[in-house]
Amino acid sequence: MRADVLARSISNGQLPALSALRAEGSLHTVTSAFPSVTGPAYAPFIMGRYPGSIGLPGLRWYDRSRKIAGLTGHTRSYVGPEMRFVDRDVDSAAPTIFELAKPSIGALSVITRGLRRADRIGQSPAFIARTALAHFRGNVRGWLAIDREVGEEVAYRLRTSKVKFAFAALTGIDKTSHAAGQDSAIVSDAMRIVDETVARIRSDAERDGRWKKMHLWVGSDHGHSTVRHHEDLAGLLTQWRYTTVAHPWAFNRSADIAVMVSGNAMAHLYLNLEQRARPWWPKLGDQWGEIARNLLARESVDLMILPTSARSCEVHAHKRGMATLTWGEENYSYVPQSGDPLGVGSQENLDSRRAYQVTVESDYPDAIVQIAHLVGAPRSGDIILSAARDWDYRAKYEPIPHVSSHGALHREHMLVPLLLNRPPAHAPRRTVDVMPSALAALGITAPKGLDGRSFL
Ligand SMILES: [Zn+2]
C-alpha cells in the first residue's frame with residue numbers, strides 16, 4: 001500500500017474505521033526496507049531488523065555457502081513450498097517479537113519463529129492449499145476471500161483469548177495491485193476488508209473495555225507502482241550467451257550467473273558461483289565488466305549497485321554517473337565520483353538519523369542506509385539492480401501478469417503508511433521502528449542490536 005494512496009482513500013471517506021484512527025491518533029509516512037518486498041520486508045515488523053542483516057536478502061537468493069542442497073540449485077525462493085524455510089534461514093540469535101511478547105498470534109506472517117503452531121493463523125494444510133490455488137490460478141477474488149477469513153479469525157482470537165501481541169498480514173491489496181494497479185476498484189475492495197477488520201477489532205475491544213489500553217497500528221511493508229515493460233533478465237543473459245540459474249528452473253548446476261528477482265523490481269545477480277566466499281568489485285570487473293556495462297545501459301536498470309567489500313559499494317546510474325558508499329558501525333558516507341546517482345550530493349560521516357533526513361525527500365528515501373545494509377549482508381548478490389520506473393524483471397511464469405510492481409528503491413516502493421490509534425512521542429521514521437515501539441508499549445525491554453528505535 002502506497003502511503004499517498006492510503007491517505008487519499010481515507011480522505012475520500014472510503015475507510016471510516018481507519019479515518020477514525022487517523023482523527024484520534026496519527027497517520028505517518030515511513031520508509032520500508034530494501035528490497036521492498038513481502039517476506040524480507042516483514043523482518044522490520046517482526047524482528048526490528050533490516051532484512052539482509054538477518055539473512056533474508058530477497059524473496060529469492062543464491063546460497064554461496066552451499067548449506068542449501070544442490071537439488072534446488074543452492075537457491076531459495078520463498079514463493080511456494082520453500083516459504084517454510086524462512087524461520088530456519090533467519091539469524092537464530094535475533095529474537096522475534098513472538099518470542100518476546102507471549103502469548104502472540106500471527107496471521108499469514110512469513111516469519112513465525114516463537115509462535116505455537118495453533119497460533120499461526122493461515123498455516124493449516126487446507127488453508128495453505130487454498131492460498132496456493134489462488135496464487136497459481138491467478139484467482140484475484142480468491143485472495144479477497146482469504147483476507148476476509150483471516151481478518152475474522154484474528155478478530156475472533158483477540159475477542160476470545162488473552163493475546164499480548166498480534167500480527168496480521170492481509171495480502172489482498174498487494175495481489176489486486178499486481179493484477180489491476182493500485183488505483184483500481186478491486187484494490188478499494190481489498191482496502192475495505194482492512195477497514196472492516198479494524199472496525200471489528202475496535203468495537204469488540206470497546207465493548208469489553210480493552211480499547212483504552214490497546215494499540216492498533218496499520219501499516220504496509222512496501223508500496224507499488226505501474227509496470228509497462230518486463231525485462232526478462234534471465235532470458236537477456238541467455239541471449240548474451242551466459243547460462244543462468246533462475247526460478248522456476250533453478251536446477252542448473254553449471255550455470256555462470258544466478259538471477260534472483262524480488263518483487264519484481266529488484267534483482268540480485270550472483271557471479272563466480274563456484275566460489276564459497278563473496279567476490280568483490282572492482283576485481284570482478286576483469287571477467288564481468290562488460291556485462292555490468294551492458295546491464296547499466298538497459299532502459300530497465302535505474303540503479304546498479306556493485307559491492308566492493310562488506311562495508312563499501314559503488315552506486316551507478318546510466319546517465320547520472322557513479323558514487324561510492326562506505327559505512328561503519330553507525331556512520332555512512334556517500335561521495336559522488338563521476339556523478340550523483342542518488343541525487344543527494346556529497347554526504348560524509350552521517351549517522352543513520354541524518355542519513356534518513358538527507359534522503360527522505362529525494363527520489364530514493366533512506367537509500368544510503370538501505371543499500372549499506374543490503375550490500376553488507378553475506379547472502380547478497382554481486383550485482384544488485386533496482387529497476388527503473390515502468391519496469392520490472394520477470395516477463396514469464398507469473399500466474400497473474402503484473403501491471404504493477406515493487407521491490408525497488410524509489411519513492412513509490414519505499415514510502416509506506418503507518419497509522420497509529422494514538423499519537424506517538426515523536427514521528428516514526430522506518431518500519432524497523434515498529435517492533436521496538438511495540439515492545440515499549442508492552443513494557444518489554446528491547447533486545448540489543450535492533451536497527452530501529454521506539455517512537456513511543
Ligand atoms: Zn507483491
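Dense packing is recorded around CZ of R66, with more than 12 heavy atoms of other residues, nucleotides or ligands lying under 6.0 Å away. Q357 CD: more than 12 foreign heavy atoms inside a 6.0 Å radius. Counted within 6.0 Å of CD on E274, heavy atoms from surrounding residues, nucleotides or ligands total more than 12; the atom is thus considered enclosed.
The side-chain hydrogen bond (donor to acceptor under 3.5 Å, both in side chains) test with S404 singles out one residue from E412, R2, H224, and that residue is H224.
Distance check, rounded to the nearest 0.5 Å: CG of N349 to OH of Y332 gives 12.0 Å. Interatomic distance, Q337 CD to M322 CE, rounded to the nearest 0.5 Å: 5.5 Å. Once rounded to the nearest 0.5 Å, the distance linking CE of M260 with CG of L269 reads 9.5 Å. Atom OG of residue S53 and atom NE2 of residue H373 lie 5.5 Å apart, to the nearest 0.5 angstrom.
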> Going through the distances and angles, do I173 and M1 end up as a side chain to side chain contact (heavy atoms under 4.5 Å, CB included)?
Replying inline: CA-CA 7 Å; I173 293 172; M1 174 99 266; 4.0 Å; yes
> For Q182 and S184, what are the C-alpha separation, side-chain angles and deciding distance, and is it a side chain to side chain contact (heavy atoms under 4.5 Å, CB included)?
Replying inline: CA-CA 6 Å; Q182 188 132 91; S184 63; over 6 Å; no
> Step by step, would you call H318 with V301 a side chain to side chain contact (heavy atoms under 4.5 Å, CB included)?
Replying inline: CA-CA 8 Å; H318 182 40; V301 175; over 6 Å; no
>> Go through it in stages, so that I can follow the logic: the residues are L6 and L18, the test is side chain to side chain contact (heavy atoms under 4.5 Å, CB included), and I'd like the CA-CA distance, side-chain angles, deciding distance and then a yes or no.
In response: CA-CA 9 Å; L6 182 65; L18 300 189; 4.0 Å; yes
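Salt bridge absent: D4 and R411 never bring a charged side-chain N and a carboxylate O closer than 4.0 Å. A salt bridge links R389 with D363: the closest approach of a Lys/Arg side-chain nitrogen to an acidic carboxylate oxygen falls below 4.0 angstrom. Between R8 and D183 there is a salt bridge, since a side-chain N of the basic residue sits under 4.0 Å from a carboxylate O of the acidic one. Under 4.0 Å is where a charged nitrogen must lie from a carboxylate oxygen, and between R113 and E99 at least one such pair does. D302 has a carboxylate O that lies under 4.0 Å from a charged side-chain N of R320, or vice versa, which qualifies the two as a salt bridge. R192 and D189 are joined by a salt bridge, as a carboxylate oxygen and a charged side-chain nitrogen come within less than 4.0 angstrom of each other. By the 4.0 Å N-to-carboxylate-O rule, E329 lies close enough to R311 to be salt-bridged with it.
Counted by atom type alone, D366 and T359 present zero donor-acceptor pairs between their side chains at under 3.5 Å. A donor atom on one side chain and an acceptor atom on the other are found under 3.5 Å apart for H222 and T38. Counted by atom type alone, N264 and H406 present zero donor-acceptor pairs between their side chains at under 3.5 Å. Using modelled atom types and a 3.5 Å distance limit, the side chains of S405 and H178 yield no donor-acceptor pair.
Taking 4.5 Å as the limit, every side-chain heavy atom of M266 sits out of range of all side-chain heavy atoms of V261. The shortest side-chain heavy-atom distance between L233 and T244 does not fall under the 4.5 Å cut-off. Side-chain contact between L420 and H215: absent, with no pair of heavy atoms (C-beta onward) separated by less than 4.5 Å. In this structure the side chain of C313 never reaches within 4.5 angstrom of the side chain of T324, judged on heavy atoms. Side-chain contact between H316 and L306 is present, with at least one heavy-atom pair separated by less than 4.5 Å.
Between H74 and Y62, the ring-plane angle classifies as perpendicular under the 30° and 60° cut-offs. Note: F45 and F167 have tilted aromatic rings, judged against thresholds of 30 and 60 degrees for the angle between ring planes.
Without hydrogens or angle criteria, R120 side chain to L115 main chain gives a donor-acceptor distance under 3.5 Å.
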